Structures are given as C-alpha cells and as structure tokens.
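Just so it is clear: chains get the letters A, B, ... in the order the sequence lines come, proteins before strands, and each one is counted from 1. Given the structure is predicted, the values throughout are model-derived calculations rather than measurements. Just the heavy atoms: all of them, side chains too, but no hydrogens, waters or symmetry mates, feed the values below.
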Amino acid sequence: MAYIKWIFLITVWGCFAAFLHYTLPQYDVVRIVSTYEERQELDTWKRVFWSTPDNQSQAAVTRDVQFIQAFNAGGDAMVYRNEDTGWHWPPYFKFDTANLYTEANDAISTKDDPEWVSVLHYGRRSIFLSSFPNAISITPVTGP
Amino acid sequence: MFTFLRLVLLLVVVLTLIYAAVSLYSREQRRAKLKRRWKDKGLTGDRQAFIQRGLNQYDHSFRRRLVLLVYILPLGAIALIIYVINFS
C-alpha cells in the first residue's frame with residue numbers, strides 16, 4: 001500500500017521537476033553552423049512545445065519557424081528554434097526574434113575557425129517529439 | 001496587443017488581491033502589537049483610543065507604503081527582463 005503513495009509522490013515531484021527543467025534558462029556554448037526557416041504544421045498535442053507569436057494568427061496551424069543549427073564542443077548537433085515568447089508563458093518576454101536571427105547569422109563559423117557563442121535557452125530537444133529549445137539570446141565567448 | 005492586455009489584466013487582478021491581503025494582514029499585526037504593548041506595559045486609560053491612535057499613526061507611516069512593493073517588484077522585474085533580453 002505504501003508503494004502507491006511513494007509512486008504517486010515521485011510522479012508528482014518528477015513532473016514538477018521536469019516542468020522546472022523545461023522552463024528555467026540554461027546556457028550552452030556552441031559554434032553556430034547555419035540557420036534556416038521551416039514551415040511547421042502544429043495541429044497535434046505537441047503544439048505545447050512551440051510558442052504562440054503575437055504577430056501571427058493564433059488560430060494558424062501552419063506557420064514559419066526560424067531555427068539555429070549549431071555544434072557544441074563535444075561534436076553534438078544542437079538545433080534551437082527562434083521564436084517570440086511575447087507576453088505568454090514562459091515569462092521571458094522575448095520580442096527580438098528577428099534581431100536574434102541576424103546575430104546568429106553573423107556568428108556563423110566553420111570547424112577550422114570556430115567562433116564560440118553562449119546560447120541562453122529554455123526547453124528540451126527531443127528527436128521523438130520533435131521539440132526544440134527556444135534560443136533567447138546569444139553572447140560571444142572565448143571558448144567552450 | 002490583446003495578449004499584452006490579457007497579461008496586464010491578470011497582473012492587476014492578482015497583484016491587487018495580494019496587496020489587499022498583505023495590507024490587511026499588516027494592519028492586523030500592528031493592532032496585535034498595540035494590544036500586546038498595552039498589556040505588557042500595564043497602561044491605563046482608554047484602551048480603544050490608544051489602539052485607534054496607534055493605528056492612525058500606522059496609517060500615515062512609511063511601513064504601510066512599503067506594501068506597495070507588491071506592485072513595484074513584479075512590474076520592475078518584468079521591465080528588467082524585457083530590457084535584458086531584448087536590448088542587451
């Protein structure tokens with residue numbers, strides 16, 4: 001009987017911890033490789049992993065989303081999306097998506113001559129759910 | 001525009017509720033402190049008038065205005081976040 005209590009408690013706190021881990025900011029030191037914009041069809045429950053920008057229709061299922069592709073020091077591919085959080089949740093109040101896109105394009109570098117940047121982001125990359133962390137800001141750093 | 005207004009409405013409602021609760025709680029704490037002071041010092045005279053005078057003093061005090069921080073801190077934090085994320 002006690003098992004049920006423990007399983008329930010662990011599940012509840014686990015969900016809370018996962019929510020915090022998803023919403024709170026994290027830093028990654030990466031080398032930006034490229035950026036692209038892709039049309040997304042957000043008509044499933046996975047819409048919760050994407051933002052709702054104000055300047056596009058709320059009801060729009062299909063919209064264009066910008067992405068930033070990068071590699072970290074360990075050679076892992078990291079892909080971020082670049083979306084306004086606006087006045088919605090989470091309260092990052094990010095409005096400068098286009099500016100960030102410009103900065104990201106300016107920071108593109110090659111493997112031979114890397115330019116490292118620190119990306120502040122929230123969210124989690126999941127290849128199965130096709131969810132991407134949302135890049136909030138980019139700061140140049142000297143190295144990984 | 002509408003999401004901004006939605007957020008503003010939500011903030012106004014929630015912060016006003018919190019402000020009212022903290023205000024009332026603070027005033028009651030001051031009342032309890034006055035009553036304790038009356039008892040501990042064994043004061044004589046009109047107890048009700050003593051408490052009323054004390055509360056009037058509190059109403060004009062700086063401490064009461066401190067409760068306005070309930071509005072200032074969250075709005076200040078939002079303004080700071082907007083500046084840091086978008087402009088620097």
cation_pi(A:R81, A:W50) dist<6.0 Å, angle<=45: yes
Residues A:H121 and A:D28: side-chain donor-acceptor under 3.5 angstrom: yes
Candidate pair A:F95 and A:W87, rule ring-ring contact (aromatic ring centres under 6.0 Å, His included), full reasoning: CA-CA 9 Å; A:F95 297 98; A:W87 303 106; 5.0 Å; yes
Sequence-distant partners of A:W13, ring-ring contact (aromatic ring centres under 6.0 Å, His included), two or more places apart: A:F16
Pair A:D84 + A:K94, salt bridge at N-O below 4.0 Å: no
Contacts of residues 71-88 of chain B with chain A (heavy atom under 4.5 Å): B:I78, B:I81, B:I82, B:I85, B:N86
Set of salt bridge (charged side-chain N to carboxylate O under 4.0 Å, His left out) partners for A:R31, sequence neighbours left out: none
Proximity of residues 15-30 of chain B to chain A, residues having a non-hydrogen atom under 4.5 angstrom: none
Atom pair CD1 (A:I68) and CE (A:M78), whose distance is rounded to the nearest 0.5 Å: 12.0 Å
From CA spacing to verdict: ring-ring contact (aromatic ring centres under 6.0 Å, His included), A:F132, A:Y80: CA-CA 5 Å; A:F132 298 86; A:Y80 305 94; 9.3 Å; no
Separation of B:D40 CG from B:K35 NZ (nearest 0.5 Å): 14.0 Å
